[in-house]
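The structure under discussion appears below in the form of structure tokens.
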Amino acid sequence: MPLSWNEIKSRAVTFSKEWQDEVSEDAEAKSFWDDFFHIFDISRRRVATFEQQVRKLDNKAGFIDLLWKGNILIEHKSRGHNLDKAYQQAKDYFPGLKEKELPRYILVSDFARFRLYDLDEGTQQEFKLEDLVQHVNLFGFIAGYQKRTYKEQDPVNIEAAELMGRLHDKLKDIGYEGHHLEIYLVRLLFCLFADDTGIFEKGIMNDYLDQKTSEDGSDLAAHIAQLFEILNTPQEKRLRKLDEALAAFPYVNGRLFEEQLPMASFDSEMRKILMECCLLDWGKISPAIFGSLFQSVMDKKARRNLGAHYTSEKNILKLIKPLFLDDLWDQYEKVKSDKNKLKRLHHTISKLRFLDPACGCGNFLVIAYRELRRLELEISKILLRGQQITSINDYFLVDVDQFYGIEYEEFPSQIAHVAMLLMDHQMNEEASIASGEYIKKIPIKKSSTIVHGNALRIDWQSLIVPYSWERNIPRYHYILGNPPFIGKSLQNVQQKEDMDLVFAGVNGAGVLDYVTAWYIRAAQYMEKANEVEENDLPRTKTAFVSTNSIAQGEQVGVLWSELFNRYHCKIHFAHRTFKWGNEAKGNAAVHVVIIGFSNFDIDKKLIFEYDELNSEPHEMQVKNINPYLVSGKDLIIIKRQRSISNVPQISFGSMPNDDGGLLLTNQEKIELVTSEPKVEKYIKPLISAHEFINGELRWCLWLEKANPKELQELPQVLKRIQHVKEHRSRSIREATNKLSATPTLFGENRQPDGDYVLIPGHSSENRYYIPLGYFGPEYIVNNSCFFIPKTLPYHFGILHSIFHMTWIKYICGRIKSDFRYSNTIVYNNFPWPENPSEKQKEAVEKAAQAVLDARAQFQNPAPGEKVASLADLYDPNTMPPVLVKAHQALDKAVDLCYRPQPFPNETKRIEFLFELYDRYTAGMFAGEKKKGNRKVK
């Protein structure tokens with residue numbers, strides 16, 4: 001157990017006095033450094049070697065005065081000698097050391113002066129012997145204290161995970177697998193961390209395995225089994241004649257070493273891997289990324305991209321700060337000058353409980369616990385001022401047993417449990433340094449509760465107490481996490497059963513993502529929990545990270561109708577869409593939102609808005625947040641068959657349902673016309689989303705009015721018609737079977753008989769505008785597009801403006817991250833300008849024509865110039881300035897159709913559109929309610 005800092009400082013004073021007046025010859029150096037290490041209650045002889053021989057770069061032998069491998073190299077000189085030369089001499093020894101033996105620190109001294117170099121941080125500190133007590137904290141790493149700087153992309157993170165992955169594979173290859181292998185690796189991980197972070201006496205595991213086991217690995221498994229048993233045995237129950245090296249290990253407890261595991265087996269290569277693990281500095285690996293990093297150990301595929309799978313602390317803080325942390329710090333600032341009020345706040349935070357019902361490897365719980373402990377540390381610093389400390393634990397009340405988690409897979413749940421123990425130890429170190437008193441937490445008496453199971457089928461309250469909601473019953477105050485992102489088409493059988501269970505009786509739930517089930521379970525929990533009083537503790541709140549699809553498209557109506565109408569939820573804060581990931585190479589970022597909610601209302605609601613998906617958010621305080629994460633009333637955009645505005649109706653394009661029989665590539669068209677020239681009059685250009693945007697040619701056989709006699713003279717065409725007939729006949733759908741009677745026609749023919757506006761069904765999210773087209777009836781519109789017949793240039797202009805684009809961004813669904821346009825959700829609910837004047841309409845038409853003219857410059861270029869596709873024209877990086885200006889002029893004209901004042905940004909546009917939508921639809925819902933639909937607004 002490390003000494004307290006107060007004791008270390010006392011010993012430092014004694015050391016300085018004893019050596020201040022000594023003659024201090026070189027011959028006394030060993031005694032000097034023995035006494036120096038004694039300050040920290042460490043035996044120098046056990047951890048460091050005097051006169052370690054090495055081979056220098058010039059191949060001459062050298063002798064390091066004192067070396068603690070992997071930690072510190074000390075070069076000692078006689079009093080008054082040059083310390084710069086001593087430092088250079090120390091560096092000259094580095095070529096003779098193995099990589100794992102290279103120290104982080106170099107200390108040079110001449111008895112009277114100390115100069116400490118931190119090679120990782122690139123810093124140096126120099127002081128006199130009599131000032132040692134003021135600088136003794138620099139040597140906290142000797143005692144087991146160390147303020148660590150963690151780097152998420154530190155190479156040691158990757159190396160550690162790769163080594164453990166290799167060890168995992170070797171053990172699995174010999175038949176040691178499944179549950180036992182997972183527990184075995186988790187225990188080894190804990191021991192490796194403990195050996196470098198002060199839970200164990202520093203380096204004792206490395207020394208034990210190095211000195212007590214054979215190089216061939218034949219006895220390694222037996223020694224590890226014995227070590228695991230010792231770590232689970234209290235001191236008073238151990239054998240009296242236990243090997244001294246084993247007896248040095250502490251009793252850990254905490255259930256970590258409780259289960260009896262079958263004996264493993266090692267060979268020389270496996271022993272070498274484990275010894276390489278021991279030589280790494282595990283203290284450099286933050287407990288905050290410990291879980292995600294080592295979860296990949298079990299998966300070879302994930303291991304190939306190590307570092308890409310952890311969740312960054314920065315993103316986790318985006319959730320926990322507005323959920324609870326900012327409020328607690330605000331309370332602290334208000335009461336820190338009043339010790340009685342501060343004590344009450346301290347008592348409150350020590351009673352808070354946190355649940356992550358999809359905790360994975362514990363990232364959210366670990367960071368939440370760390371931040372709560374850091375707040376407590378600031379509180380304790382004030383409460384400790386001027387106090388005679390009798391029990392330091394009275395000033396540190398927050399503990400890991402306030403944190404709960406549920407995880408479907410076993411290995412991540414085990415990792416989460418260990419990650420919380422490691423973070424607990426790290427925070428105890430910080431508290432010990434700040435208070436000057438050692439906080440002992442080994443053996444472990446309290447630990448987090450992490451349950452392995454299906455959170456959608458487990459009673460969440462049962463982790464605290466059997467299901468009960470009596471007065472003052474313990475409950476969770478904050479539910480948080482990152483439930484799994486699984487779209488409806490990717491859910492397996494069990495996940496679909498989970499969804500059926502959670503959404504029983506809810507119409508339309510089949511469109512929902514898996515993550516939405518956690519929203520309902522949380523709402524059900526809060527419905528009960530917030531009816532219970534619990535000694536002035538806060539009411540329960542929830543915040544989840546989710547794919548942004550739950551705040552867009554058709555999912556909104558299903559999910560939020562339930563949350564609003566049945567569970568009376570209100571959104572308290574929201575991060576609008578941003579990229580969720582980390583800085584690792586190969587990291588596949590997901591577009592997410594964060595939503596904080598509960599079943600009670602609050603005055604201060606916050607929206608965090610992002611200018612770019614990777615940018616920092618802007619915080620906005622608003623009166624209310626709707627389910628589209630916009631400031632405004634709690635309204636829901638429902639599917640409609642007709643537009644809420646007096647505009648032409650929209651329709652899908654025609655669907656061939658032909659298995660390719662009626663469709664032609666450009667080459668196929670050329671070949672068919674060459675062999676059967678009479679077919680040319682039946683070939684029409686086909687406009688589908690991909691070809692339209694990318695400027696590719698595609699054709700179709702449009703045989704609606706074809707003469708049967710002429711068709712008989714076209715054998716290649718007849719062959720294609722026969723293919724269509726056979727395809728439709730084989731279908732298991734009755735409607736498709738019936739279509740085999742008319743194989744010359746598209747399965748669904750909706751082709752307009754006049755000019756129309758074309759909207760592609762899907763388009764890249766990167767474009768500022770979805771490219772629209774204006775076509776005549778000779779262009780066959782495919783079902784991957786929508787068309788609006790009988791339109792004027794005015795309609796084209798409104799639809800091609802930033803106003804309509806803003807509506808799309810917030811309302812439409814997505815395919816991955818790309819826009820997926822919808823007639824029933826987007827177009828039919830879009831609020832067109834209310835009463836534009838003829839002058840305003842003419843301005844829009846003129847600006848719309850200018851957009852088409854700007855495009856034509858590049859789509860119909862001069863001879864010799866390449867034709868630009870719409871994908872080229874609307875790529876943000878290559879969009880021609882003339883087209884940019886044309887769209888800006890169109891946007892300005894459309895803005896004026898809505899109101900005289902300009903709209904400064906997208907936020908103001910969407911807020912205005914929601915207000916307009918609310919006004920347009922104010923009388924519509926009564927009629928819909930009569931039809932049997934759930935009441936929504």
Please confirm whether the backbone N or O of [Y] pairs with a side-chain atom of [X], one donor and one acceptor, at under 3.5 Å?
X	Y	value
Gln402	Ile349	yes
Asn694	His690	yes
Glu182	Glu177	no
Ser561	Val558	no
Glu407	Glu409	yes
Arg475	Gln461	no
Arg353	His477	no
Arg640	Asn829	no
Asn530	Thr540	yes

Tell me yes or no: between the side chains of [X] and [Y], is some donor less than 3.5 Å from an acceptor?
X	Y	value
Arg373	Tyr369	yes
Tyr567	Gln524	yes
Asn624	Asp634	yes
His179	Glu410	yes
His575	Tyr610	yes

Would you say that [X] contacts [Y] through its side chain, given a criterion of any heavy-atom pair below 4.5 Å between the two side chains?
X	Y	value
Phe578	Ile594	yes
Ile479	Asp356	no
Ile571	Lys605	no
Leu463	Ile458	yes
Asp611	His618	yes
Ser598	His572	yes
Phe411	Val186	yes
Val366	Leu422	no

If you compare all heavy atoms of [X] against all heavy atoms of [Y], which two are closest, and at what distance to 0.1 Å?
X	Y	value
Ser764	Asp818	CA-OD1, 3.4 Å
Ala455	Trp460	O-NE1, 2.7 Å
Arg576	Leu629	NE-O, 2.7 Å
Ala543	Leu319	O-CD1, 3.5 Å
Leu365	Cys359	CD1-CB, 4.1 Å
Pro483	Ala358	CA-CB, 3.7 Å

N-O pairing of [X] and [Y] below 4.0 Å:
X	Y	answer
Glu906	Lys809	yes
Asp513	Lys488	no
Lys318	Glu313	no

Flag the pair Tyr404 / Tyr476 as yes when their ring centroid distance falls below 6.0 Å, and as no otherwise. yes
Hey, do the aromatic rings of Tyr821 and His804 have their centres closer than 6.0 Å? yes
To the nearest 0.5 angstrom, please state how far the [atom1] atom of [X] sits from the [atom2] atom of [Y].
X	Y	atom1	atom2	result
Met526	Cys569	CE	SG	5.0 Å
Glu554	Ile825	CD	CD1	6.5 Å
Leu189	Gln414	CG	CD	11.5 Å
Asn626	Ile910	CG	CD1	8.5 Å
Asp875	Tyr768	CG	OH	9.5 Å
Leu563	Ile636	CG	CD1	8.5 Å

Could you please spell out the steps behind the side chain to side chain contact (heavy atoms under 4.5 Å, CB included) verdict for Leu512 and Leu559? CA-CA 8 Å; Leu512 295 174; Leu559 174 63; 4.2 Å; yes
Could you tell me how the ring of [X] sits relative to the ring of [Y]: parallel (under 30°), tilted (30 to 60°) or perpendicular (over 60°)?
X	Y	answer
Trp560	Phe597	perpendicular
Phe354	Phe403	parallel
Tyr769	Tyr874	perpendicular

From CA spacing to verdict: ring pair (Phe, Tyr, Trp, His ring centres under 6.0 Å), Phe914, Tyr628: CA-CA 10 Å; Phe914 273 117; Tyr628 301 90; 5.3 Å; yes
Let's go through Tyr827 and Phe786 carefully: what are the C-alpha distance in whole Å and the side-chain angles of both, what is the deciding distance for ring pair (Phe, Tyr, Trp, His ring centres under 6.0 Å) to 0.1 Å, and is it a yes or a no? CA-CA 10 Å; Tyr827 181 85; Phe786 295 91; 8.8 Å; no
Checking Gln552 against Tyr810 for the side-chain hydrogen bond (donor to acceptor under 3.5 Å, both in side chains) test, could you report, in this order, the C-alpha distance in whole Å, the side-chain angles of both residues, the deciding distance, and whether it holds? CA-CA 6 Å; Gln552 300 168 342; Tyr810 283 86; over 6 Å; no
As a quick check of understanding, evaluate side chain to side chain contact (heavy atoms under 4.5 Å, CB included) for Ile637 and Trp807, giving each step before the final call. CA-CA 11 Å; Ile637 308 297; Trp807 185 255; 3.9 Å; yes
As a quick check of understanding, evaluate salt bridge (Lys or Arg N to Asp or Glu O under 4.0 Å) for Lys314 and Glu616, giving each step before the final call. CA-CA 11 Å; Lys314 180 181 176 181; Glu616 293 299 310; 2.4 Å; yes
Tyr408 atom OH, over 12 foreign heavy atoms within 6.0 Å: no
Please check if the number of heavy atoms outside Lys908 that lie under 6.0 Å from its NZ is greater than 12. no
With side-chain hydrogen bond (donor to acceptor under 3.5 Å, both in side chains) as the criterion, how do Asp498 and Asn454 come out once you've worked through the C-alpha distance, each side chain's angles and the decisive distance to 0.1 Å? CA-CA 9 Å; Asp498 291 340; Asn454 185 340; 3.2 Å; yes
Pair Glu911, Val630 - check side chain to side chain contact (heavy atoms under 4.5 Å, CB included), show working. CA-CA 7 Å; Glu911 289 175 359; Val630 173; 3.7 Å; yes
Passes side chain to side chain contact (heavy atoms under 4.5 Å, CB included), Ile320 versus Glu371? Steps please. CA-CA 9 Å; Ile320 67 175; Glu371 294 303 310; 3.9 Å; yes
